[in-house]
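Contents: one structure, followed by commentary.
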Protein chains: 2
Amino acid sequence: MITKESIFESHLKTKGLKLTPQRKAILEEVFASHEHFDIEELFANLRNKGKRISRATIYRTLPLLVESNLIKEAFRYQDKVSYEHIFGHGHHDHLLCIKCGRIIEFMDEKIEELQEAVCKKYGFKPTEHRLGIKGYCKKCISHE
Amino acid sequence: MITKESIFESHLKTKGLKLTPQRKAILEEVFASHEHFDIEELFANLRNKGKRISRATIYRTLPLLVESNLIKEAFRYQDKVSYEHIFGHGHHDHLLCIKCGRIIEFMDEKIEELQEAVCKKYGFKPTEHRLGIKGYCKKCISHE
DNA sequence: ATTTTAGTTGAGAATGAGTCGCAATTAAAA
DNA sequence: TTTTAATTGCGACTCATTCTCAACTAAAAT
Ligand SMILES: [Mn+2]
Ligand SMILES: [Mn+2]
Ligand SMILES: [Zn+2]
Ligand SMILES: [Zn+2]
C-alpha cells in the first residue's frame with residue numbers, strides 16, 4: 001500500500017537521506033490537520049505536542065516533502081508562505097479574503113482544461129500552476 | 001488627456017503627498033521598458049541613467065504606483081517580486097519557464113469569465129487575481 | 001551485535017530583503 | 001517670500017530564512 005510514509009521514505013532513500021524521528025514527526029504533523037499552515041504554525045503545533053524540533057530542521061524538511069509531492073506551497077498572504085498537504089487531496093485553487101483572511105477552495109474543471117489548452121498553444125509543458133483570487137468574501141462585502 | 005503622470009499626480013494629491021523629482025524619475029523608469037522588473041533592477045537602471053535614488057525611496061514609491069493602478073506585482077520567481085506596469089496594457093497572466101526563466105504572457109477571455117463565475121458562486125467580490133503556470137518552455141523541453 | 005560511515009540535528013551566527021527613525025532638505029500652500 | 005508638512009538618504013533595525021559546526025545517530029557494513 002502506498003502511504004505518505006512510504007512515499008517520503010522512498011524519496012529520502014533515492015537521495016541517500018535518512019528517515020529521522022524529526023522528519024517523521026514533521027510529516028505526521030503536516031497531515032494531522034487539513035488546514036493550510038505556515039512554518040511558524042507548524043513549529044508551534046509541534047511544540048504543543050511536546051516535539052522540540054528546531055526551526056532549522058523544519059526549514060530543511062519542508063522542501064523534502066515538497067519534492068516528494070506530499071505538500072506544496074499553496075499561496076502567500078501578507079508575506080507568509082502557506083503550505084498545504086496534497087497527498088490524498090485533489091488539486092484546487094483559492095479565493096482569499098483580504099479583509100478577514102478567509103480561504104475558500106475551489107476547483108473548476110473547465111478552467112483547468114483551458115489552462116492546458118493555453119500551454120499547448122505555446123508548446124509549454126506545465127509542472128504546476130497557481131490561481132489565486134483576492135477580494136472580499138460574502139461576510140466582508142457588507143462591512144467593506 | 002489622461003496620462004500616467006496625471007494619474008500619479010492626482011493620486012498623490014488625494015493623499016496629500018508631493019510630486020518629487022525622485023518619484024517622477026521612478027515613474028518614468030518604470031515605463032521606460034515593457035519588461036517585468038524587480039526592485040534591484042529598477043534601482044540599477046536608475047543608477048545607469050545617473051539618477052542616484054535610494055532603495056528606501058524606491059521601496060516607498062512602488063506602493064504608491066500600485067495604489068495608483070499604474071503598476072502591479074506580476075509574479076514571484078525565486079523569491080524576487082517582479083512588477084510590471086499596467087497603465088495602457090491589458091490584463092494578462094503568465095507562463096514561467098523554470099529552466100531558462102522565460103516569461104510568456106497570455107490572456108484567455110474564457111478563463112476570465114469562468115473566474116468571475118466562481119466568484120459569483122461563492123458571493124466573493126474579487127479585486128485581483130493571479131494565474132501563474134510554471135513549467136518548461138518550448139525551447140527547454142528538449143533539453144529537459 | 002559492533003563498528004563505521006555519512007547524513008542530521010540544534011544553537012546561534014550570518015545573510016538579505018524590506019522597514020524605520022531621524023536630521024537635513026524641499027515641494028507647494030499660504 | 002515665508003511657512004508648513006512631506007520627503008529624502010543614510011544607517012540602524014527587523015525578521016524570515018540560510019548557514020556553520022560540533023555533537024549525535026540512522027543505517028549500511030562487517
Ligand atoms: Mn488549499
Ligand atoms: Mn506581464
Ligand atoms: Zn472575509
Ligand atoms: Zn525555457
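The chains referred to below are lettered A, B, ... by the order of the sequence lines, with proteins before strands, and numbering in each begins at 1. Here the structure is a predicted model, which is why all the values come from computation and not from measurement.
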Would you indicate what B/I39 reaches in the nucleic acid, counting non-hydrogen atoms under 4.0 angstrom: base, sugar-phosphate, or nothing?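 Touches nothing.
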What is the nucleic acid contact for A/R55, judged by heavy atoms within less than 4.0 Å: base, sugar-phosphate only, or nothing?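 Answer is nothing: A/R55 stays at 4.0 Å or more from every strand.
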Using atom [atom1] of [X] as one end and atom [atom2] of [N] as the other, report the distance to the nearest whole Å.
X	N	atom1	atom2	value
A/K24	D/dA26	NZ	P	8 Å
B/I53	D/dT8	CD1	P	8 Å
B/D38	C/dG16	CG	C1'	14 Å
B/R47	D/dG9	CZ	P	9 Å
B/Y83	C/dA17	OH	P	13 Å
B/F8	C/dA27	CZ	C1'	14 Å
B/I58	C/dA17	CD1	C1'	13 Å
B/E40	C/dG18	CD	C1'	11 Å

Side-chain contact test, heavy atoms from C-beta onward, threshold under 4.5 Å: evaluate it for [X] versus [Y] and give yes or no.
X	Y	answer
B/E9	B/L17	no
B/L62	B/L42	yes
B/K4	B/H85	no

From the options [options], select the nucleotide whose nearest atom is closest to the side chain of [X].
X	options	answer
A/L19	D/dT17, D/dG9, D/dA27	D/dA27
B/A56	D/dC10, C/dA11, D/dT17	D/dC10
A/P21	D/dT7, D/dA26, D/dA28	D/dA26
A/R60	C/dA27, C/dA11, D/dA6	C/dA11

For B/G16 and for B/S54, locate the closest nucleotide of DNA chain D by heavy-atom distance; then report the residue assigned to the nucleotide nearer the 5' terminus.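 Its nucleotide being nearer the 5' end, the pick is B/G16.
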Side-chain donor/acceptor contact of A/K80 with base of D/dA16 under 3.5 Å: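 No, no donor-acceptor pair under 3.5 Å.
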Look at A/K24 together with A/E5 and state whether they make a salt bridge at an N to O cut-off of under 4.0 Å.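 Answer for the salt bridge query: no.
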Using OP1 and OP2 only, check whether a side-chain N or O of [X] sits under 4.0 Å from [N].
X	N	value
B/T20	D/dT8	yes
B/T57	D/dG9	yes
B/Y59	C/dG18	yes
B/Q22	C/dA27	no
B/R23	D/dT7	yes

Which atom of A/Y122 lies closest to which atom of B/E105, heavy atoms considered: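 Nearest heavy atoms, A/Y122 then B/E105: OH-O, 3.6 Å.
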Output side-chain donor-acceptor pairs under 3.5 Å for residues 63-75 of chain B, partner residues at least two apart or in another chain, one line each.
residue: B/E67; atom: OE1; partner: B/H11; partner atom: NE2; Å: 2.7
residue: B/E67; atom: OE1; partner: B/K15; partner atom: NZ; Å: 3.0
residue: B/E67; atom: OE2; partner: B/K15; partner atom: NZ; Å: 3.4
residue: B/S68; atom: OG; partner: B/L64; partner atom: O; Å: 2.7
residue: B/E73; atom: OE2; partner: B/R76; partner atom: NE; Å: 3.3
residue: B/E73; atom: OE2; partner: B/R130; partner atom: NH1; Å: 3.4
residue: B/E73; atom: OE2; partner: B/R130; partner atom: NH2; Å: 3.2

